Amino acid sequence: MHAHPHLGLSIANSLAAVAAGATRLAARLPGRGAGAGTTPLYVFAAGAAKRGLETGLDLYKAMDAAEDVLRPGCPGSSRSTGRASP
């Protein structure tokens, strides 16, 4: 299942897809992709955990990876330039 975060519904749609039997989801860290992006993986994992679903993802390591590895290189990130974004 591949959900885009239009209207902020990618997490809800992904959780509904799993409840309906989906076994694979398209998700990324930090939720960026072509167009409007795809479901943010660590947010989905947190929502799944609240519902008692096992994802096999270490939520805190995923959040650290998004902050420390991916976001500093993203355009507009204050961490990529060392100064605040305009």
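These numbers come from a predicted model, not from an experiment. Numbering starts at 1 and runs along the sequence shown. No hydrogens, no waters, no symmetry mates; every other heavy atom, side chains included, goes into these values.
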Do any side-chain atoms of residues 45-56 form donor-acceptor pairs under 3.5 angstrom with protein atoms, and if so which ones, sequence neighbours left out?
residue : atom : partner : partner atom : Å
R51     : NH1  : G47     : O            : 2.9
E54     : OE2  : G56     : N            : 2.9
T55     : OG1  : L57     : N            : 3.2

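The two residues F44 and T39 come nearest to each other via the heavy atoms CB-CG2, 3.9 Å. Contact between A26 and T38 at its shortest, heavy atoms only, is O-CB, 4.3 Å.
Taking 4.5 Å as the limit, some side-chain heavy atom of I11 sits within range of a side-chain heavy atom of P40.
Atoms CG and CE, on L41 and M63 in that order, are 12.0 Å from each other to the nearest 0.5 Å. A distance of 9.5 Å separates CG in D64 from CG in L59, rounded to the nearest 0.5 Å.
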